[in-house]
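The block underneath contains the structure these notes are about, expressed in structure tokens.
Order of appearance sets the numbers: ligands from 1, and atoms from 1 within every ligand. Just so it is clear, the values below take in all heavy atoms, side chains as well, and ignore hydrogens, waters and symmetry mates. Quick caveat: nothing in here was measured; it's all calculated off a predicted structure.
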Amino acid sequence: MTNIVLFGKPGAGKGTQAEFLKEKYKLTHISTGDVFRFNLKNDTELGKQARVYMDAGDLVPDELTTKMLIDEVNKHPDTNGILFDGYPRTISQAKDLDVFLTSIGSQVAATIALEADDEILVARLLERGKTSGRIDDQDEEKIRNRYQEYNEKTAPLMDYYQEQGKFHAVNGIGSIAEITERVSSVINNL
Ligand code: B4P
């Protein structure tokens, strides 16, 4: 299995790039944000628990998120590899992912970060908020809170993966196709 973690601030383009990369490399795409939103929409027990955090732009608690993630991975026993989009977002999640992947004889091959300036990303999210219906995209204060969550809880993962020699950063500004090329050149050299 070739497991890739797509990493970046909110709105960096993880979900956008994942749509192209999953086809190109025949990977199973798992977006924790998308799985949560599916549960919110269908008003499941998990959705009810996650809603309060997501609407405020907070991270959903690790235990809930990791359990959901493992359930999703287990739905694809014959996959070539997983494209993790939006997971892990905390050190605890990264450790849980390592333990889980080791238990199935696998590991993270690479973490690829899409780098972009906060102000550009805030503008992207506000733009998306006009049509997405996402409460967390419509209010600048909630968007800023997502960046604070990222800086406090998610940014330390860069060191975590750098220490394992698995961290790769690419410029996340440019056309969507240009960025797909940049990410592809990292994957092709693994
Ligand atoms: P996510 O769904 O992961 O949301 P995101 O960070 O906003 O999205 P992404 O980076 O994928 O941006 P996108 O491609 O869509 O998370 C939402 C919430 O779910 C979190 O706040 C949290 O509450 C919860 N959650 C999810 N995972 C969790 C976890 N592991 N632990 C705890 N809680 C978790 O791109 C954004 C916009 O930019 C789009 O409009 C796109 O069209 C545009 N865009 C993309 N690339 C572009 C480019 N190159 N140029 C111009 N625009 C571009």
field: Arg37 N/O to ligand 1 N/O under 3.5 Å
entry: yes

query: To the nearest 0.1 Å, how far is atom 23 (O) of ligand 1 from its closest protein heavy atom, and which atom is that?
result: Asp58 O, 2.7 Å

- request: Give the residue, atom name and distance (to 0.1 Å) of the protein heavy atom nearest atom 27 (N) of ligand 1.
  value: Thr32 OG1, 2.8 Å

message: Has Asn151 got a side-chain atom pairing as donor or acceptor with Tyr147's backbone, closer than 3.5 angstrom?
response: yes

field: Heavy atom of the protein closest to atom 49 (N) of ligand 1 (residue, atom name, distance)
entry: Gly174 O, 3.0 Å

field: Ring geometry between Phe7 and Tyr150 (parallel below 30°, tilted from 30 to 60°, perpendicular above 60°)
entry: tilted

- line: closest protein heavy atom to atom 12 (O) of ligand 1 is Gly11 CA, 3.5 Å

task: Keeping the roles fixed (side chain from Arg146, backbone from Pro10), state whether a donor-acceptor pair exists under 3.5 Å.
output: no

message: Please compare Arg146, Lys14, Arg89, Arg128 and report which has the shortest non-hydrogen distance to atom 1 (P) of ligand 1.
response: Arg89

- prompt: Is there a heavy atom of Pro61 sitting under 4.0 angstrom from any atom of ligand 1?
  reply: no

- prompt: Should Val60 be counted as touching ligand 1, given the test is an N or O pair under 3.5 Å?
  reply: yes

- request: Would you check the N or O atoms of Asp34, main chain and side chain alike, for any that come under 3.5 Å of an N or O of ligand 1?
  value: no

field: Any Arg134 heavy atom less than 4.0 Å from ligand 1
entry: yes

task: Check each heavy atom of Ile179 against ligand 1 and say whether those closer than 4.0 Å belong to the side chain, the backbone, both or neither.
output: side chain

- request: Answer with side chain, backbone, both or neither: which part of Lys9 has a heavy atom less than 4.0 angstrom from an atom of ligand 1?
  value: backbone

query: For ligand 1, which atoms sit closer than 4.0 Å to a heavy atom of Thr65?
result: 29 (C), 30 (N), 31 (N), 32 (C)

task: Say whether Tyr25 and Asn188, considering side chains only, have a donor N or O and an acceptor N or O under 3.5 Å apart.
output: yes

query: So which heavy atom in the protein is nearest atom 50 (N) of ligand 1, and how far is it from that ligand atom?
result: Arg124 NH2, 3.4 Å

- request: Please name the pair of heavy atoms, one in Arg182 and one in Ser185, separated by the smallest distance, quoted to 0.1 Å.
  value: O-OG, 3.0 Å

field: By side-chain contact (heavy atoms from CB on, under 4.5 Å) - contacts of Glu19 (at least two apart)
entry: Lys22, His29

task: Check ligand 1 against Ala12 and write out every atom of the ligand that is under 4.0 Å from a heavy-atom position of the residue.
output: 10 (O)

query: N/O of Pro88 under 3.5 Å from N/O of ligand 1, yes or no?
result: no

message: Can you tell me which portion of Leu59 lies within the under-4.0 Å heavy-atom range of ligand 1? Options are side chain, backbone, both, or neither.
response: both

- prompt: Can you tell me the protein heavy atom closest to atom 11 (O) of ligand 1 and the distance?
  reply: Gly15 N, 2.8 Å

field: Distance-only side-chain donor-acceptor flag, Gln17 / Thr180, under 3.5 Å
entry: yes

- prompt: Side-chain heavy atoms under 4.5 angstrom apart, residues restricted to Ile, Leu, Val, Met, Phe, Trp, Tyr: same cluster for Ile4 and Tyr87?
  reply: no

field: Shortest protein heavy-atom distance from atom 34 (C) of ligand 1, along with the residue and atom involved
entry: Phe36 CE1, 3.9 Å

message: Any heavy atom of Gly8 closer to ligand 1 than 4.0 angstrom?
response: no

query: Any N or O on Met54 sitting closer than 3.5 Å to an N or O of ligand 1?
result: no

field: Main-chain N/O of Lys26 paired with Asn80 side-chain donor or acceptor, under 3.5 Å
entry: yes

task: Could you tell me which residues satisfy side-chain contact (heavy atoms from CB on, under 4.5 Å) with Thr44, sequence neighbours excluded, listed by chain and number?
output: Asn39, Asn42, Leu46

- request: Considering non-hydrogen atoms only, spot the tightest contact between Asp98 and Val108 and give its length.
  value: OD1-CG2, 4.2 Å

field: Per-atom contacts of ligand 1 with Pro10, taking only distances under 4.0 Å to non-hydrogen atoms
entry: 6 (O)

query: Can you find an N or O of Thr16 that's nearer than 3.5 Å to an N or O of ligand 1?
result: yes

query: Counting both backbone and side chain atoms, is some N or O of Asp136 under 3.5 Å from an N or O of ligand 1?
result: no

message: Glu115 vs Lys14, test: salt bridge (charged side-chain N to carboxylate O under 4.0 Å, His left out). Steps then yes/no.
response: CA-CA 10 Å; Glu115 293 190 328; Lys14 303 180 291 288; over 6 Å; no

message: Check contact between Gly57 and ligand 1, using heavy atoms of the residue and a distance below 4.0 angstrom.
response: no

query: Starting from atom 31 (N) of ligand 1, which protein heavy atom do you reach first, and at what distance in Å?
result: Gln93 NE2, 2.9 Å

query: Within the distance-only criterion (no hydrogens, no angle test), does the side chain of Thr90 pair as donor or acceptor with the backbone N or O of Lys153 below 3.5 angstrom?
result: no

- prompt: Under the criterion side chain to side chain donor-acceptor pair (under 3.5 Å), which of Asp78, Thr79, Asn3 is the partner of Thr28?
  reply: Thr79

message: Same cluster or not: Ile70 versus Ile104, using hydrophobic residues (I, L, V, M, F, W, Y) connected whenever any side-chain heavy atoms lie under 4.5 Å apart?
response: yes

